[in-house]
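Here is the structure we will look at.
The first residue in the sequence is number 1, and the count goes up from there.
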Amino acid sequence: MRRWVFAVALLCGIGLVTAPAAAAATRDKADAAAGWLARQMTDGERFEADFGGQKFPDQGLTIDAIFAFAAAGVSDTNADKAIAWLAKPEVTTGYVGGGTEAYAGAHAKLMLAAQIRGKDTVSFGGVGLKAGLLSLLTPSGRFSDRSEYGDYSNALSQSLALLALDRTPGGAPVSAVTFLAGTQCADGGFPQNFGEATCTSDVDATATVVQALRATGDPVNAREGTSWLVTKQHANGGFGFGTNAPNANSTGLAAEALAGHRPAAASKAREFLRSLQVGCAGAEADRGAIAYDATGLNPATAPRATAQAILGLARVPLSELHGGGRPQAPVLACP
């Protein structure tokens with residue numbers, strides 16, 4: 001049951017509004033989005049998932065916010081509060097696992113967040129994130145969960161592991177890079193799940209994998225993945241998950257991967273993201289938020305959509321995210 005709650009909590013995030021002490025006005029779309037996102041955090045420090053009236057800590061979405069704040073270079077006060085909350089032992093172990101449980105994706109994602117915020121990953125929240133992650137490296141080169149509930153590791157967790165370990169003196173293990181490159185489908189893209197009978201390339205996975213491969217010295221496979229990614233762009237500039245209509249989450253990740261490599265496609269993707277952003281005509285409390293898709297702003301999906309859209313709008317790859325931006329959570333400048 002606890003594993004199920006963990007998995008679902010990674011997908012959903014709903015927070016309560018916390019007003020900042022002071023907010024600067026901005027015309028920058030990424031900055032405005034990051035400011036809105038910060039104001040959705042419970043106590044200005046975290047996101048929570050609500051299941052049937054029962055709330056659970058949403059460490060995954062909180063980390064997404066840290067990535068977004070670093071990309072935009074704003075809301076640094078909230079990012080600092082968020083990493084402090086994540087470093088509470090019960091919050092850390094509730095995410096990465098404790099006892100016989102250890103989750104590869106959670107170790108990797110939290111380790112990268114800690115690195116972005118300049119924190120010690122040798123002992124974070126009482127957990128050795130680097131050692132814990134490396135303990136999940138299998139002989140094949142795959143980082144796998146150690147859990148009685150099954151192995152939920154995938155291309156996203158493998159990519160985050162490479163990105164986090166690449167920032168360490170020892171770098172990412174060669175076997176792990178080789179394993180990820182070896183999962184490439186015949187069309188050049190990458191699947192989200194490993195070992196399936198039919199290799200099916202996925203936009204979210206490919207956008208993340210190519211960033212990890214670039215960072216760890218495999219530009220050839222990264223370039224092939226990027227070429228596949230461009231073929232999945234819709235006429236309106238957006239990207240969708242599988243066969244679904246374009247959405248902010250997939251488009252944000254794709255735009256981040258394309259930036260600096262396929263500028264025309266990246267620019268179109270950013271235009272799509274901006275088309276989903278609430279502007280000055282919207283309710284004041286919603287300005288800066290980015291809707292999941294063209295159906296309009298949904299409070300249940302907007303925080304994660306906004307967090308991932310910011311990555312595409314800001315044009316900063318995951319490998320180059322660093323904290324230390326402006327402290328305030330900006331508001332959209334309106335007449």
Determine, stepwise, if the pair Arg39 / Val331 fulfils side chain to side chain contact (heavy atoms under 4.5 Å, CB included). CA-CA 10 Å; Arg39 288 186 289 278; Val331 296; 3.5 Å; yes

Test of understanding: clusters of I, L, V, M, F, W, Y form through side-chain heavy atoms closer than 4.5 Å, transitively. Do [X] and [Y] belong to the same one?
{"X": "Val91", "Y": "Leu112", "value": "yes"}
{"X": "Phe190", "Y": "Val230", "value": "no"}
{"X": "Val127", "Y": "Ile63", "value": "yes"}
{"X": "Phe67", "Y": "Leu258", "value": "no"}

Taking C-beta and beyond as the side chain, do [X] and [Y] meet within less than 4.5 Å on heavy atoms?
{"X": "Val74", "Y": "Gln328", "result": "no"}
{"X": "Val203", "Y": "Thr206", "result": "no"}
{"X": "Leu311", "Y": "Leu253", "result": "yes"}
{"X": "Trp228", "Y": "Thr231", "result": "yes"}
{"X": "Pro191", "Y": "Asp202", "result": "no"}
{"X": "Tyr103", "Y": "Val96", "result": "no"}
{"X": "Ser157", "Y": "Ser144", "result": "no"}
{"X": "Met111", "Y": "Leu133", "result": "yes"}

If you measure from [atom1] on [X] to [atom2] on [Y], what distance do you get to the nearest 0.5 Å?
{"X": "Gln115", "Y": "His322", "atom1": "CD", "atom2": "NE2", "answer": "9.5 Å"}
{"X": "Leu136", "Y": "Phe143", "atom1": "CG", "atom2": "CZ", "answer": "8.0 Å"}
{"X": "Asp80", "Y": "Ser75", "atom1": "CG", "atom2": "OG", "answer": "12.5 Å"}
{"X": "Arg315", "Y": "Ile310", "atom1": "CZ", "atom2": "CD1", "answer": "14.0 Å"}
{"X": "Leu156", "Y": "Asp204", "atom1": "CG", "atom2": "CG", "answer": "7.0 Å"}
{"X": "Leu332", "Y": "Arg27", "atom1": "CG", "atom2": "CZ", "answer": "8.5 Å"}

Within the side chain of [X], is there an N or O that forms a donor-acceptor pair under 3.5 Å with the backbone of [Y]?
{"X": "Thr251", "Y": "Phe239", "answer": "yes"}
{"X": "Ser201", "Y": "Cys185", "answer": "no"}
{"X": "Arg46", "Y": "Thr62", "answer": "no"}
{"X": "Gln308", "Y": "Ser250", "answer": "no"}
{"X": "Thr306", "Y": "Ile290", "answer": "yes"}
{"X": "Asn244", "Y": "Phe241", "answer": "yes"}
{"X": "Gln211", "Y": "Ala207", "answer": "yes"}
{"X": "Trp36", "Y": "Ala285", "answer": "yes"}

Which atoms form the tightest heavy-atom contact between [X] and [Y], and what is the distance?
{"X": "Phe47", "Y": "Trp85", "answer": "O-CH2, 4.4 Å"}
{"X": "Gly125", "Y": "Thr92", "answer": "CA-OG1, 3.6 Å"}
{"X": "Ala248", "Y": "Ala291", "answer": "CB-O, 3.3 Å"}
{"X": "Pro303", "Y": "Leu37", "answer": "O-CD1, 3.4 Å"}
{"X": "Tyr152", "Y": "Asp145", "answer": "N-OD2, 2.8 Å"}
{"X": "Phe69", "Y": "Ala34", "answer": "CE2-O, 3.3 Å"}

Solution key, residues 159-171 side-chain donor-acceptor pairs under 3.5 Å, sequence neighbours excluded:
unit_1, atom_1, unit_2, atom_2, d
Ser159, OG, Ala155, O, 2.7
Arg167, NH1, Leu321, O, 3.1
Arg167, NH2, Leu318, O, 2.9
Arg167, NH2, Ser319, O, 3.3
Arg167, NH2, Leu321, O, 2.9
Thr168, OG1, Leu165, O, 2.6
Thr168, OG1, Gly171, N, 3.4

Side-chain polar contacts of residues 259-281 - donor-acceptor pairs under 3.5 angstrom, sequence neighbours left out - could you list them?
unit_1, atom_1, unit_2, atom_2, d
His261, NE2, Arg214, NE, 3.4
Arg262, NH2, Ser227, OG, 3.0
Ser275, OG, Phe272, O, 2.5
Gln277, NE2, Lys29, O, 3.1
Gln277, NE2, Gly288, O, 2.9

Is there a salt bridge (charged side-chain N to carboxylate O under 4.0 Å, His left out) between Asp76 and Arg326? Walk through the geometry before answering. CA-CA 6 Å; Asp76 203 58; Arg326 299 190 296 279; over 6 Å; no

Checking side chain to side chain contact (heavy atoms under 4.5 Å, CB included) for the pair Asp64/Lys109: CA distance, chi angles, key distance, verdict? CA-CA 9 Å; Asp64 286 340; Lys109 192 171 183 178; 2.9 Å; yes

Check the orientation of Phe194 and Phe179. Use parallel for under 30°, tilted for 30 to 60°, and perpendicular for over 60°.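 Phe194 and Phe179: perpendicular rings.
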
Presence of salt bridge, Lys232 and Asp187, under 4.0 angstrom: no

Ile83 and Lys119: CA distance, side-chain angles, deciding distance, side chain to side chain contact (heavy atoms under 4.5 Å, CB included) verdict: CA-CA 9 Å; Ile83 201 68; Lys119 303 300 180 182; 3.8 Å; yes

Quick one: do Thr26 and Asp28 satisfy side chain to side chain donor-acceptor pair (under 3.5 Å)? Show the steps, please. CA-CA 5 Å; Thr26 181; Asp28 186 279; 5.3 Å; no

Expected list for residues 215-224: side-chain donor-acceptor pairs under 3.5 angstrom, two or more places apart:
unit_1, atom_1, unit_2, atom_2, d
Thr216, OG1, Ala212, O, 2.7
Asp218, OD1, Asn221, N, 3.3
Asp218, OD1, Asn221, ND2, 3.3
Asp218, OD2, Asn221, ND2, 2.8
Glu224, OE1, Gln184, NE2, 3.3

Step by step, work out the side chain to side chain contact (heavy atoms under 4.5 Å, CB included) result for Arg142 and Asp151. CA-CA 11 Å; Arg142 175 179 177 174; Asp151 185 2; 3.4 Å; yes

Any chance you could lay out the side chain to side chain donor-acceptor pair (under 3.5 Å) test for Ser140 and Thr138, step after step, and finish with the verdict? CA-CA 5 Å; Ser140 69; Thr138 65; 2.9 Å; yes

